[in-house]
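Predicted model, so just to flag it, every value in this text is computed and none were measured. For this chain, numbers begin at 1 and follow the sequence in order.
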Amino acid sequence: MKRDSPSRDSPRRRHAPWAMTAIVTALVSLLLQGSLVPLNLAAAIFAVLGLRQVHRQPERYFGRALCWIAIALVLILAILNAMLQPPVQEDAPETLPEQRSAETR
C-alpha cells in the first residue's frame with residue numbers, strides 16, 4: 001500500500017526561512033524607496049544568512065535565487081539613493097533667512 005503523505009526518510013525541500021526573510025525585507029525597503037539604511041543592511045545580512053543556510057543543508061532547503069535577488073535589490077536601492085540624495089553643502093547657512101512680513105514694509 002502506498003502512502004500519500006511523504007515519509008520521514010525523505011523530507012520535502014522548502015524555501016530557506018532566512019531567504020524568505022531577506023526577500024520580504026528587501027521588498028519592504030523597496031516600498032520605502034530605500035530611505036532606511038538599517039533596513040537595507042538587514043536585508044543584505046538576511047540574504048547572506050539565507051545563502052549559508054542553503055549551502056549547509058541543500059537537501060532540506062532551496063532559495064539561493066531569492067537571496068541573490070534580495071542582495072541585488074538592496075544594491076540597486078543603495079546606488080539609486082546615493083545618486084538621488086542632494087549633496088550636503090558645507091558652507092550653507094544652517095537656518096533660512098527670516099522672511100519679512102508685510103507689516104514691516
Side-chain angles (χ1 to χ4, degrees):
M1 181 177 246
K2 291 184 179 181
R3 292 183 181 175
D4 291 336
S5 63
S7 66
R8 294 193 187 271
D9 296 335
S10 61
R12 196 173 76 177
R13 289 178 63 191
R14 60 189 180 117
H15 284 95
W18 285 117
M20 294 300 294
T21 305
I23 196 69
V24 168
T25 308
L27 289 174
V28 169
S29 179
L30 177 66
L31 290 175
L32 296 174
Q33 299 172 353
S35 59
L36 295 176
V37 176
L39 193 62
N40 291 343
L41 290 174
I45 291 169
F46 294 154
V48 169
L49 289 173
L51 286 172
R52 279 185 65 199
Q53 192 173 37
V54 171
H55 180 71
R56 287 184 177 188
Q57 298 176 336
E59 68 281 348
R60 186 172 180 189
Y61 296 120
F62 64 94
R64 188 173 283 136
L66 290 177
C67 293
W68 286 113
I69 290 170
I71 290 172
L73 188 58
V74 166
L75 287 174
I76 290 170
L77 285 172
I79 291 169
L80 288 176
N81 198 18
M83 287 174 54
L84 296 177
Q85 285 277 334
V88 177
Q89 296 177 358
E90 294 177 9
D91 56 341
E94 293 182 14
T95 60
L96 296 174
E98 295 180 21
Q99 295 180 357
R100 296 180 185 171
S101 63
E103 297 174 1
T104 58
R105 291 184 185 173

- Measure the spacing between OG1 of T25 and CG of L73 and express it to the nearest 0.5 Å. 11.0 Å
- Atom CD of Q57: over 12 foreign heavy atoms under 6.0 Å: yes
- Query: Quick one: CD1 on I79 to CG on L84, what's the gap to the nearest 0.5 Å?
  - Reply: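 Separation between the atoms: 11.5 Å.
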- Search all heavy atoms of R13 against all heavy atoms of E59 and return the closest pair with its distance.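 Taking R13 first and E59 second, the nearest heavy atoms are CG-O, 3.1 Å.
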- Query: Do you know which two heavy atoms are closest between C67 and A19, and how far apart they sit?
  - Reply: SG-CB, 3.5 Å
- Item | Distance, nearest 0.5 Å, that separates CH2 of W68 from CD1 of I23 |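 One gets 13.0 Å once the value is rounded to the nearest 0.5 Å.
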- Write down the atom of F62, the atom of V54, and the distance for their closest heavy-atom approach.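 Distance-wise, the nearest heavy atoms are C-CG2, 4.0 Å.
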- Task: For the pair N40 (side chain) and V74 (backbone), establish whether a donor and an acceptor sit closer than 3.5 Å, ignoring hydrogens and angles.
- Result: no
- Report the distance from atom CD1 of I76 to atom CD1 of I69, rounding to the nearest 0.5 Å.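 If we round to the nearest 0.5 Å, I76:CD1 and I69:CD1 are 10.5 Å apart.
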- Query: Do W18 and I45 share a hydrophobic cluster, counting only Ile, Leu, Val, Met, Phe, Trp and Tyr and linking them when any side-chain heavy atoms are less than 4.5 Å apart?
  - Reply: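 Yes, W18 connects to I45 through the hydrophobic network.
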- Task: Indicate the atoms forming the closest heavy-atom contact of L77 with S29, along with that distance.
- Result: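 Heavy atoms only, the tightest pair is CD1-OG, 3.6 Å.
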- Do the non-hydrogen side-chain atoms of R14 and R60 ever get within less than 4.5 Å of each other? yes
- Task: Determine, stepwise, if the pair T21 / L49 fulfils side chain to side chain contact (heavy atoms under 4.5 Å, CB included).
- Result: CA-CA 10 Å; T21 305; L49 289 173; over 6 Å; no
- Message: With clusters defined by side-chain heavy atoms of hydrophobic residues (ILVMFWY) lying less than 4.5 Å apart, directly or transitively, does L41 cluster with V48?
- Response: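 Each belongs to a different hydrophobic cluster.
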- Could you give the distance from CG (N81) to CG (L36), rounded to the nearest 0.5 Å? 9.5 Å
- Item | Contact summary for A70 and A47, nearest pair of heavy atoms |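 Nearest pair, atom of A70 first, then A47: CB-CB, 4.2 Å.
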- Item | Nearest-0.5 Å distance that lies between atom CE in M20 and atom CG in L66 | 6.5 Å
- Minimal non-hydrogen separation, P17 against Q53, with atom names: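 The answer is CD-OE1, 3.4 Å.
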